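Proteins come first, then strands; the chains are lettered A, B, ... in the order of their sequence lines, and each starts at number 1. Predicted model only: the values in this text are computed from it and were never measured.
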2 protein chains.
Amino acid sequence: MSLPDVLPLQPAYYNPQARVCAECRVRRFALFGALDEAALERIHGHIAELRLAPGESLYRMQEAGLAAYTVRAGVVRLERTNERGERRILRLAGRSDTIGMEAMLGQSYAADAVACTEVQVCCLPRSLLDELANDQPALMRDMMKRWQRALDDADEWLTELCTGPARRRVLRLLLKLSEFAEHDGEPVWLPARQEMSAMLDMTVETASRLISQLKREGVLTAHSQRSATLHMDALLQALRDSAQDEA
Amino acid sequence: MSLPDVLPLQPAYYNPQARVCAECRVRRFALFGALDEAALERIHGHIAELRLAPGESLYRMQEAGLAAYTVRAGVVRLERTNERGERRILRLAGRSDTIGMEAMLGQSYAADAVACTEVQVCCLPRSLLDELANDQPALMRDMMKRWQRALDDADEWLTELCTGPARRRVLRLLLKLSEFAEHDGEPVWLPARQEMSAMLDMTVETASRLISQLKREGVLTAHSQRSATLHMDALLQALRDSAQDEA
DNA sequence: CGCACAGTTGAGACTCATCAAACCACGTGG
DNA sequence: CCACGTGGTTTGATGAGTCTCAACTGTGCG
């Protein structure tokens, strides 16, 4: 979760944040990956780092959007609560995902954004879009790719986690959680049952039953309430099996 | 479906398509709503009209994307078919929605796009994004708003049509279909039961049962297989009721 | 230690899927 | 024009999967 990477020393930066950006681990994925150091300097002051503890919220639905955020570490969930107080988790965002882009268009946020784990984000202020359009029009394309990525994620979430029997949905969720791990084999963040139920549209009891069952089957091993190791071979096999018995 | 609107006469257009754009009914919603006639002239040749019959497909998933499309009339569905041949409808696009924008970023299409009704679309070629970036950078913001709108639609689809008991999902689908009608009280396009099942993740039988039941309850009256009149007061009341019995 | 809250497990009810059959709309060919 | 076939729709009977309600267990914290 810390940023220990030491890059080769860069020329001195006038602004400390520019240095952070230059050294950022996710830089190659990030919006400014294509920028050289001089350009980074120009947009320096606009970007701020932010850290959140699990459960803290980054912004709330319908708030006036002040900034978009790129996730540098951790997992953030986007969720909505409808009139009747039912919560639905729309999707998860991990490293190098950008959320809250509606703010850049002057719109209010379309969902709540809440930290699932410890989280670090870069704050991209509302004005950034205008600055980019003036100074670095070539980056507008990167910006649009981010929108497209969010759309792809939304579509994938819908097709993977909203269809089929409960067991398969849980398995696919675990697969998705494995994408957020830093390395293979590393413990993954395990959502609370209530969160699972809001992601997969099932009850907490069903989520609990299925997770317990998968533990017994050796698909995962929990280390604490919020952390578990996935056994990918067993997980993938279980997914194949659950596809089999359709036929 | 025709374009009878007669606008005050404009100066003669060099290009017939520019005239079509200028007179387009959806112009105020559309990408070029903000352009004056001179600017329209400049991008004239890039835009082509296209008509589709119900069931015809506009593009297919993984095809190399040649163009994005703005829907001028009719309803288009975006759908995916997974490895096992199960189809899932991701969302519907109606007048003034833009689909297939991934093509403008050089990506292949992320889903199939199929006409549900008779459809008219404007074809926005892949090169348009570059042209705009050069000639009309101010329009890039409009373009991004389109991405954001697609994202909002995706989120709404997930929260409205993928949650709760089957009956409520059907009711919400009907509500959404009413948005695609030209005027209030006009017959709406009624999906085939198989399409409903792919939208709402249920079986055709369940969809059929619920639609029949709603007919008996006077929520809708079918005129033909693919067309019905919705009785909005009854529909909205039914939705309120289905919310009630949660408590 | 004991409290509060999350997770687990069980029993029964209910929704929805499955399988099967009848019905209807529509196009084709006699 | 009607008989017929095809494919979508409706309806019924049954069972699997999931929800609901309830009790119990485990975890973390004061």
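- Atom CD of A:Gln213 has more than 12 heavy atoms from other residues, nucleotides or ligands within 6.0 Å.
- For B:Ser208 and D:dT9, the shortest distance from a side-chain N or O to OP1 or OP2 is not below 4.0 Å.
- For B:Arg209 and C:dA20, the CZ to P distance is 15 Å, given to the nearest whole Å.
- Separating the CZ atom of A:Arg168 from the P atom of C:dA17 is a distance of 13 Å, rounded to the nearest angstrom.
- Between the CD1 atom of B:Ile211 and the P atom of D:dG8 there is a distance of 17 Å, rounded to whole Å.
- Panel note: side chain A:Thr163, backbone A:Thr159; a donor-acceptor pair is recorded below 3.5 Å.
- Separating the CG atom of A:Asp201 from the P atom of C:dC16 is a distance of 11 Å, rounded to the nearest angstrom.
- Considering only side-chain N and O atoms, B:Thr203 lies nowhere under 4.0 angstrom from the phosphate OP1 or OP2 of C:dC16.
- Electrostatic pairing of A:Arg193 and A:Glu205 does not count as a salt bridge here, judged by no charged N lying under 4.0 Å from a carboxylate O.
- Taking the side chain as every heavy atom from C-beta outward, B:Leu214 and B:Arg167 approach each other to under 4.5 Å.
- Within the 4.0 Å cut-off from OP1 or OP2 of C:dT15, not a single side-chain nitrogen or oxygen of B:Arg169 is found.
- One interatomic measurement links the two molecules: CG of A:Leu190 to P of C:dT8, which rounds to 9 Å at whole-angstrom precision.
- Going from atom CE of A:Met196 over to atom P of C:dA6 covers 15 Å, rounded to whole Å.
- Counting non-hydrogen atoms of neighbouring residues, nucleotides and ligands closer than 6.0 angstrom, the CD atom of A:Glu63 exceeds 12 such neighbours.
- Dense packing is recorded around CD of B:Glu217, with more than 12 heavy atoms of other residues, nucleotides or ligands lying under 6.0 Å away.
- For the salt bridge (Lys or Arg N to Asp or Glu O under 4.0 Å) test with B:Glu195, the passing option among B:Arg88, B:Arg77, B:Arg226, B:Arg87 is B:Arg77; the others fail.
- With respect to B:Glu156, the salt bridge (Lys or Arg N to Asp or Glu O under 4.0 Å) criterion is satisfied by exactly one of B:Lys176, B:Arg149, B:Arg172, B:Arg91: B:Lys176.
- In terms of phosphate contacts, A:Arg193 brings a side-chain nitrogen or oxygen within less than 4.0 Å of OP1 or OP2 of C:dT8.
- When the side-chain nitrogen and oxygen atoms of A:Arg226 are compared with OP1 and OP2 of C:dG7, one or more of them lie within a distance under 4.0 Å.
- With rounding to whole Å, A:Leu210 atom CG is found 10 Å from D:dG17 atom C1'.
- In this model, the phosphate group of C:dA17 is approached by a side-chain N or O of B:Thr206 to a distance below 4.0 Å at OP1 or OP2.
- Closest approach of A:Met196 to A:Ala207, counting heavy atoms only: CB-CB, 4.1 Å.
- Heavy atoms of B:Arg216 sit under 4.0 angstrom from primed sugar atoms or phosphate atoms, though from no base atom.
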Dot-bracket notation for DNA chain C, counting Watson-Crick and G-U pairs under 3.5 Å, with | for partners on another strand: ||||||||||||||||||||||||||||||
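- Spacing between atom CE of A:Met202 and atom P of D:dA16 amounts to 20 Å, rounded to whole angstrom units.
- In terms of heavy-atom proximity, A:Leu105 sits nearest to B:Gln148 at CD1-CB, 3.7 Å.
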One character per nucleotide, please: for nucleotides 22-28 of chain D, 5' to 3', B when the base has a protein heavy atom closer than 4.0 Å, S when only the sugar-phosphate does, - otherwise. -----S-
